[in-house]
2 protein chains.
Amino acid sequence: MTAKKPHHHGNLRAALIAAGLELLQAGGLETLSMRKLAAKAGVSHAAPAHHFANLTALHSALMTEGYKMFTDSMRAEMPLEPRDPRETILAVGRGYLNFALNNEGLFNLMFGGTPRDHNDKGLNQAADEAYDVLREICAPIVKGEGGSQANELMIWALIHGLARLVLHTKLGSLDTEQAFDTWRLILPPLEFSAYPSDITNFLAK
Amino acid sequence: MTAKKPHHHGNLRAALIAAGLELLQAGGLETLSMRKLAAKAGVSHAAPAHHFANLTALHSALMTEGYKMFTDSMRAEMPLEPRDPRETILAVGRGYLNFALNNEGLFNLMFGGTPRDHNDKGLNQAADEAYDVLREICAPIVKGEGGSQANELMIWALIHGLARLVLHTKLGSLDTEQAFDTWRLILPPLEFSAYPSDITNFLAK
DNA sequence: AATAATAACTTGACAGTGTCAACTTCAATA
DNA sequence: TATTGAAGTTGACACTGTCAAGTTATTATT
């Protein structure tokens, strides 16, 4: 981010990540390669190795960027002064779907099972920040047997499963707006507590 | 499976698929290659090309096998004489989770965004048969605004999202039994109708 | 039964891939 | 100014998918 160009290229790392995102957008994981990255940045084929020890490290870096975009996409839809907690959940779901549908390659990279570096601190933090959004919007839901975690899991599973399904049956073709309508339909009724955090409560069954 | 050995190898195709499943099980998508497949089947590196035109075709074939196993896994948990429709849904979900957790590589191949041949008839049919299970167990759910499709989407998204999440945070570590407990917790209350199959119904939108 | 046709498989090649080792260049520091 | 070390280059290696051409064995035709 700093404008200094300390060396030959002047922060190549950022350029490589940008190129990687472009490649993902253009052709998905299949067309992403270190050598193409290098070429796109106008640099020799082995240059990226100085910034990403191996493919997994590159993937982790792209995922990190992805999680930031993901978090932004969700927060962008969040009402500034939330009134109805259900509406907030629906809105964040819209941001979720926006990200998934507008960044298919990146979404697949993040959630498609590609091995990642579980010790990458930046990645873990970026992922945590995305999860924080989920925690916030689920806080008002009345806790049942599984506590707040079960609520979060339910919401996450629902919206993620939907996103995955929409991408998966893409030829069957849902645009973003139709996907959001579907999200509205499948979100089950929820009970909210006036004071999000403290109530003796339980869900049915 | 038939014991005839009509040719040099005698049905190589099946052997290649079996080898592919083994490779997926052992090391995931990364370690799956046509040449390793050929080696594993004791055949020259270009032999597979006569059975699978390209990598995508091989993937499609493995997915097809995967969907069959997937369907079997769900049906295996289905009670023979279903009493409580909710219990049936929970049971099928258990089969779903069993498949995902015991066949991670294959599951990732099927649902991770890997390009597939959308014209592969066998694959499409195998996928449809998996979806049929879902349709069956969702049939008793009272239809709302979104019709039966919305119910199916909700159940599918929930269980799929959960499976994905469990795999994803695997180091956080849930075994199959804990995953199933979670499934029990996040399945929301559902209303069931007495006569599952015949009702005047219509899909929304 | 002999021959033609064809499916199954092999061999060899090609471009592209990730990764490693050795080298060069340049910026910063001592 | 000399040295150090990071950033980038060059070249190599084993591996990948895919194609073209050749070989072998089974099936079909006459």
Looking for any heavy atom pair under 4.0 Å, which part of the strands does Ser44(A) touch: base, sugar-phosphate only, or nothing? base
Starting at atom CG of Asn11(B), determine the distance to atom C1' of dA7(C), rounded to an integer number of angstrom. 14 Å
Measuring to OP1 and OP2 of dG16(C), would you say a side-chain N or O of Lys36(A) lies under 4.0 angstrom away? no
Distance, rounded to the nearest Å, where Glu30(A) contributes CD and dT17(C) contributes P: 13 Å
Here the pair of heavy atoms bringing Pro140(A) nearest to Glu136(A) is CD-O, 3.6 Å
Nearest-nucleotide pick for Leu55(A), side chain only, options being dG18(C), dT18(D), dT16(D): dG18(C)
Rounding to a whole Å, what distance do you find between Met34(A):CE and dT9(D):P? 14 Å
For dG8(D) and His51(A) - does any side-chain N or O of the residue sit under 4.0 Å from the phosphate oxygens OP1/OP2? yes
At their closest point, which heavy atom of Leu101(B) faces which heavy atom of Val166(B), and how far apart are they? CD2-CG1, 3.6 Å
Spatial distance of atom CD (Glu22(A)) from atom OG1 (Thr31(A)) [nearest 0.5 Å]: 11.5 Å
For DNA chain D, whose closest nucleotide is more 5', that of Ala53(B) or that of Ala46(A)? Ala46(A)
Between dC9(C) (P) and Arg13(B) (CZ): distance, integer Å: 13 Å
Gap between atoms CZ and P, on Arg35(B) and dC15(D) respectively (whole Å): 10 Å
Rounded to the nearest Å, what distance is computed from the CG atom of residue Leu12(B) to the P atom of nucleotide dA25(D)? 16 Å
Whole-Å distance, His45(B) NE2 to dC14(C) P, equals 13 Å
Ring pair (Phe, Tyr, Trp, His ring centres under 6.0 Å): pairs with one or both residues in residues 74-99 of chain B, sequence neighbours excluded: Phe70(B)-Tyr96(B), Phe70(B)-Phe99(B)
Whole-Å distance, Asn54(A) CG to dA21(C) P, equals 14 Å
